[in-house]
Enquirer: 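I'd like to ask you about the structure that follows.
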2 protein chains.
Amino acid sequence: MRPEIIPEPTLVRLTIYGRCLNDLIEEGATLVASDELAHRAGVNAAQVRKDLSYLGSFGRRGVGYDVRHLSDRIATAMGLTKERGFIIVGAGRLGSALMGYDGFNKKGFRAAAAFDADINKVGQAIGSVTIRDINELSSFVQANGTEIGIITVPASFAQSVADSLVKAGIKAILNFAPIVIKVPAGIRYRQVELSSEMEVLAHYLNSQGD
Amino acid sequence: MRPEIIPEPTLVRLTIYGRCLNDLIEEGATLVASDELAHRAGVNAAQVRKDLSYLGSFGRRGVGYDVRHLSDRIATAMGLTKERGFIIVGAGRLGSALMGYDGFNKKGFRAAAAFDADINKVGQAIGSVTIRDINELSSFVQANGTEIGIITVPASFAQSVADSLVKAGIKAILNFAPIVIKVPAGIRYRQVELSSEMEVLAHYLNSQGD
DNA sequence: ACTTGTGAAGATGTTCACAGCA
DNA sequence: TGCTGTGAACATCTTCACAAGT
């Protein structure tokens, strides 16, 4: 089974499997069975096998999967074989935290620049980069061919920042601002809704029992 | 239609509708139709009506929904009618950013305390709270009846922090550490996978076209 | 004997389409 | 006429269960 497109829930789980496989490599394991991987990823074994089948069939029946090969296969599928630059727009606390987030580096994402509209912040360093004036955003993206833009500005500015990013030629946007943003077809868009996460927990706290 | 349980995708969308309704209130709107709300939330109108039907039927046919009433109804369903304290374990950059995240306050979540294992951080202030020693975690949760714990420690410490939180009596956990955590049944658990978000974008960047 | 790979079944979620009410 | 509320149709996702390979 090898369709051109992989379902999104599968993509998300593949990233989790990828991380579990890294752990297994560090532990010195060379083989892993679907139920071991399932246990580590918090899903069931049939799910793991179905998910992996989207990448081809390279497990060995009666044996399991080769840890290193599977790890490589997932990295390839997730497009992690080359370094990708990203920029962050909005150098507040959240933006600064993401700028130095180690999990991004580990997967080959490199913080290329940070931008802010606040003149007082411009010139300050966060991690290895200097905060730039937001007016330089377009020229920077064009000059560097940056693919991914992360939005961490207040909600009221998020749509216009997204528009600028798109106009500048960015290909994918990860939005942390609490507002649904409209992007043209062809631009990849994902949103992290921090408040929603808490609200869903609150809902469950209220409806006790199950 | 009013089943005891609301599907999780619906819960997440309800939080988005809630935010859109707040915007509408600020704009002075008193009525809203499902397609207007759908447009703002980035979903389709049938989805909005189906989602809202889980809360009962109080729209007016031919007219729409009363903005304020709908907003209240959603807040009630999401358990946002009372203030809830949360604590953050791991006072690094991400933890500090979340500590002061405005979106939480707006929905009635109150930062009650922050904890860290690093002795040098203990005593420092982030926002309105002081960083405490992680050994005080259990007594604090018990004394204050804190319901929600946010984990922003490195992956290698996350499971043991979660165990401590559970033992201390926390009811819900929001985990930002890049590792799947096991919690006993009855504890509400959600995970924000920052790296997964980027990896999914990278996947789509690779498989150009559609 | 053990574990994968996968059709088929089952469960869940989304969209359609229209009856019903203002 | 306009918009909701919702069964029914459709689409998607998950799990089962077992044939097939080692």
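Keep in mind that this is a model prediction, so the values were computed, not measured. Here is how names work: the chains are called A, B, and so on, in the same order as the sequence lines, proteins then strands, and each is numbered from 1.
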Enquirer: Any salt bridge between A/Arg19 and B/Glu199, counting N to O under 4.0 Å?
Expert: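 No, A/Arg19 and B/Glu199 are not salt-bridged.
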Enquirer: Rounding to an integer number of Å, can you tell me how far A/Lys50 NZ sits from D/dC18 C1'?
Expert: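 For the pair A/Lys50 NZ and D/dC18 C1', the rounded distance is 13 Å.
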Enquirer: Does some side-chain heavy atom of B/Phe109 sit less than 4.5 Å from a side-chain heavy atom of B/Leu80?
Expert: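 The answer is yes; the side chains approach within 4.5 Å.
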Enquirer: Should B/Glu27 and B/Arg40 count as an ion pair when the cut-off is N to O under 4.0 Å?
Expert: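 Looking at B/Glu27 and B/Arg40, the cut-off is met.
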Enquirer: Could you give the CZ-to-P distance, from A/Phe58 to C/dG5, as a whole number of Å?
Expert: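 Roughly 7 Å, once rounded to whole Å.
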Enquirer: Less than 4.0 angstrom between a side-chain N/O of B/Tyr65 and OP1 or OP2 of D/dG2, yes or no?
Expert: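 Answer no for this pair, as no side-chain N or O of B/Tyr65 is under 4.0 Å from OP1 or OP2.
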Enquirer: Under 4.0 Å between any heavy atoms, over every strand shown, what does B/Arg49 touch: base, sugar-phosphate, or nothing? Just pick one.
Expert: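 Counting heavy atoms under 4.0 Å across all strands, the contact made by B/Arg49 includes a base.
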Enquirer: Any donor-acceptor pair under 3.5 Å linking the side-chain atoms of A/Gln159 with those of A/Asp163?
Expert: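 On atom types as modelled, these side chains qualify, holding a pair under 3.5 Å.
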Enquirer: Is any side-chain heavy atom of B/Leu94 closer than 4.5 Å to a side-chain heavy atom of A/Leu94?
Expert: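 Of all side-chain heavy-atom pairs linking A/Leu94 with B/Leu94, at least one is under 4.5 Å.
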Enquirer: So B/Ile181 and B/Gln191, do their side chains get closer than 4.5 Å, heavy atoms only?
Expert: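 Sidechains of B/Ile181 and B/Gln191: no contact.
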Enquirer: To the nearest angstrom, how far is A/His69 atom NE2 from C/dT4 atom P?
Expert: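 The distance from NE2 of A/His69 to P of C/dT4 comes to 15 Å, rounded to the nearest Å.
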Enquirer: Using atom CZ of A/Arg73 as one end and atom P of C/dG5 as the other, report the distance to the nearest whole Å.
Expert: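 Value for this atom pair: 12 Å.
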Enquirer: Within the distance-only criterion (no hydrogens, no angle test), does the side chain of B/Thr152 pair as donor or acceptor with the backbone N or O of B/Gly90 below 3.5 angstrom?
Expert: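 Answer holds: yes.
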Enquirer: Kindly indicate whether the side chain of A/Arg61 and the base of C/dT4 share any N or O donor-acceptor pair separated by less than 3.5 Å?
Expert: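 It does, because a donor-acceptor pair links the side chain of A/Arg61 to the base of C/dT4 below 3.5 Å.
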Enquirer: How many whole angstroms separate atom CG of B/Asp51 from atom C1' of C/dT14?
Expert: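 These atoms are roughly 10 Å apart.
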Enquirer: Quick check on DNA chain D: between A/Pro9 and B/Gly64, whose nearest nucleotide comes earlier from the 5' end?
Expert: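 Residue closer to the 5' terminus by nearest nucleotide: B/Gly64.
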Enquirer: Under 4.0 Å between a side-chain N or O of B/Tyr54 and OP1 or OP2 of D/dT6?
Expert: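 Result: no.
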Enquirer: Can you measure A/Leu52 atom CG to D/dT14 atom P for me and round it to whole angstrom units?
Expert: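 It works out to 14 Å between those atoms.
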Enquirer: Any side-chain N or O of A/Arg13 less than 4.0 Å from the OP1 or OP2 oxygen of D/dT14?
Expert: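 Yes, within the criterion.
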Enquirer: Give the residues of residues 23-46 of chain A touching DNA chain D, defined as any heavy atom closer than 4.0 Å, sorted by residue number.
Expert: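 Only A/Asn44, A/Ala46 qualify.
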